[in-house]
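Start at 1 with the first residue, then count along the sequence.
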Amino acid sequence: MGSLAVVAAVLGVVPPVSVAWLAPMLAVHLLWTALFLRVLLREGPLPRWLVAGDVAITVALCLAQRHLVAEDALDSGSSFVAGLVTMTIVVAGVAWRARVAVPVGLVVAGAYLAGVRIASPTHDVVGTLGIHLVQLLAIVMLMTLLRRAVASTDRFLRERARAEIVLMVDGLRREDELKQISSIHETSLHTLTMVGMGTYDAPSPTLRAQVAHDLTALEKLRDTPLADSSPIALDTLLDQVAGRASGLDVHRELTPETVPGDVAERFARAVTEALANVALHAGVREAELVSSRSGGEIRVEVADAGRGFDQERLPPDRFGVRGSILEAMRSLQGGGAEISSGAHGTRVRLWWRP
């Protein structure tokens with residue numbers, strides 16, 4: 001839109017347009033447009049400082065209309081400045097929430113009307129003001145609905161991912177229970193069956209050793225924690241999580257490790273969110289998942305070589321990084337998480353010390 005505005009301004013150079021005013025202002029506007037596109041393509045979401053600069057340039061162009069816009073274009077409302085005002089109002093509504101976008105939009109609309117009155121005191125500005133107010137109201141309402149929809153979708157996806165993790169954890173618990181039942185069957189029940197069948201008709205060292213082994217297995221089963229904190233194979237759980245990552249080839253290097261169930265769930269939730277962020281925002285189709293133990297501390301890392309992000313610019317309603325990764329791990333006693341991101345990719349580090 002910025003380049004089109006420059007072309008329209010050049011084509012509209014007729015008296016009383018002042019080239020001495022128009023040329024430098026168009027040069028500044030063209031350079032800003034190039035910067036706007038470069039930052040937008042590299043960083044994704046619109047940085048607020050960039051939008052603020054766009055607003056300032058548009059306001060300056062509005063107030064200088066008597067030097068920049070021909071009389072006919074001013075009367076018909078078809079000048080390049082009028083087009084820029086509309087786009088600036090839209091961009092402000094996209095970048096900022098209503099409490100900021102509305103006053104900013106009113107300032108831009110007011111600057112346009114003031115510039116028109118300065119250039120042509122008899123020009124009717126009521127109709128133009130109404131159009132700008134409708135544009136402002138429409139973009140603010142649209143973005144409010146979109147933000148609510150995005151937040152609702154985020155919540156749904158988080159709950160779905162959490163439910164899938166719970167199902168995976170329950171599956172691993174059932175496998176462990178079956179192994180324990182099988183162990184009982186192969187040990188104590190087998191021994192009792194042999195005794196009942198008369199295989200041992202007198203005490204023997206073999207029977208004594210087998211009974212001691214069976215008793216140890218039963219005591220271990222008795223001391224097994226409740227389901228909520230029963231041990232889970234973390235490497236198996238993370239392998240399943242990586243296998244469910246849609247659109248990603250996840251290279252895994254997982255060290256066999258058993259942790260309490262609630263700890264395993266927190267690790268799984270954080271890894272799920274980290275892999276989802278790679279798939280959606282990093283612009284790559286590969287990621288690395290590594291787990292290890294060092295100095296008694298269990299560590300898990302998710303890394304990618306895609307485009308990074310600025311944590312300070314994350315919208316407050318985007319819960320994923322803060323809630324599903326940082327807060328989820330930091331709420332564990334002995335747990336923690338940190339995220340480093342830059343031009344060479346993003347690395348999510350998770351840890352827990354028993």
Side-chain angles (χ1 to χ4, degrees), residues 154-184 217-246 248 250 252-279 287-303 311 318-339 346-354:
D154 280 349
R155 286 193 296 270
F156 171 77
L157 292 177
R158 284 198 309 273
E159 293 303 321
R160 179 180 174 181
R162 186 173 302 177
E164 290 178 349
I165 290 169
V166 170
L167 288 176
M168 286 189 286
V169 170
D170 287 342
L172 291 175
R173 284 172 178 157
R174 285 194 296 270
E175 289 180 9
D176 184 64
E177 289 173 358
L178 289 175
K179 289 179 181 178
Q180 292 178 5
I181 293 172
S182 176
S183 174
I184 294 173
L218 290 173
E219 289 176 344
K220 182 179 179 181
L221 179 61
R222 179 198 64 190
D223 296 335
T224 299
L226 297 176
D228 288 344
S229 59
S230 59
I232 295 293
L234 180 62
D235 53 306
T236 302
L237 180 59
L238 294 182
D239 186 63
Q240 293 183 18
V241 168
R244 289 172 176 257
S246 177
L248 277 182
V250 183
R252 305 158 213 177
E253 186 177 336
L254 304 175
T255 301
E257 195 67 58
T258 300
V259 299
D262 57 337
V263 175
E265 287 187 24
R266 301 293 180 87
F267 272 115
R269 282 168 50 191
V271 170
T272 298
E273 183 66 30
L275 292 177
N277 287 338
V278 175
E288 293 184 356
L289 174 60
V290 179
S291 69
S292 61
R293 176 185 276 269
S294 177
E297 185 175 81
I298 296 173
R299 300 177 180 176
V300 176
E301 291 190 3
V302 178
Q311 295 184 59
R318 299 308 296 269
F319 181 82
V321 170
R322 295 188 181 93
S324 296
I325 298 179
L326 298 177
E327 293 180 9
M329 292 302 300
R330 291 171 181 172
S331 62
L332 274 176
Q333 184 175 0
E338 65 178 11
I339 301 175
T346 301
R347 185 174 296 273
V348 178
R349 298 179 179 88
L350 316 170
W351 63 86
W352 177 72
R353 181 179 291 275

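- For the atom pair CD (Glu265) and CG (Leu332), the distance works out to 10.5 Å, reported to the nearest 0.5 Å.
- Across Ala279 and Ser246, no two heavy atoms sit closer than the pair CB-O, 3.7 Å.
- Across all their heavy atoms, Pro354 and Gly296 have their closest contact at CD-O, 3.1 Å.
- Across every non-hydrogen atom of Ser291 and Val300, the tightest pair is CB-CG2, 4.0 Å.
- Nearest heavy atoms, Leu289 versus Ala242: CD2-CB, 3.9 Å.
- Every residue meeting the side chain to side chain donor-acceptor pair (under 3.5 Å) condition with Arg293, not counting sequence neighbours, appears here in chain and number order: Glu257.
- In this structure Glu253 satisfies the salt bridge (charged side-chain N to carboxylate O under 4.0 Å, His left out) test with no other residue, sequence neighbours excluded.
- In this structure, the side chain to side chain donor-acceptor pair (under 3.5 Å) partners of Ser331, at least two apart in sequence or on a different chain, are Arg266.
- Here the closest heavy-atom approach between residue Gly295 and residue Arg353 is recorded as O-NH1, 2.8 Å.
- The CD atom of Gln240 lies 7.0 Å from the CZ atom of Arg244; values are rounded to the nearest 0.5 Å.
- Residues passing the salt bridge (charged side-chain N to carboxylate O under 4.0 Å, His left out) test with Glu301, sequence neighbours excluded: Arg347, Arg349.
- For Arg330, there are no salt bridge (charged side-chain N to carboxylate O under 4.0 Å, His left out) partners two or more places apart in sequence or in a different chain.
- A 4.5 Å side-chain heavy-atom check between Thr346 and Val278 finds every atom pair outside the cut-off.
- In terms of the side chain to side chain contact (heavy atoms under 4.5 Å, CB included) criterion, residue partners of Ala245 (sequence neighbours excluded) are, by chain and number, Leu248, Val250, Leu275.
- In this structure, CD on Gln333 lies 9.5 Å from CH2 on Trp352, to the nearest 0.5 angstrom.
- Contacts of Thr258 classified as side chain to side chain contact (heavy atoms under 4.5 Å, CB included), with partners at least two apart in sequence or in another chain: Pro231.
- Remark: Pro256 engages Asp235 in a side chain to side chain contact (heavy atoms under 4.5 Å, CB included) (not counting sequence neighbours).
- Side-chain contact between Met329 and Trp351 is absent, with no heavy-atom pair separated by less than 4.5 Å.
- Applying the side chain to side chain contact (heavy atoms under 4.5 Å, CB included) criterion to Ala264, with sequence neighbours excluded, gives Ile232, Leu234, Leu237, Val259.
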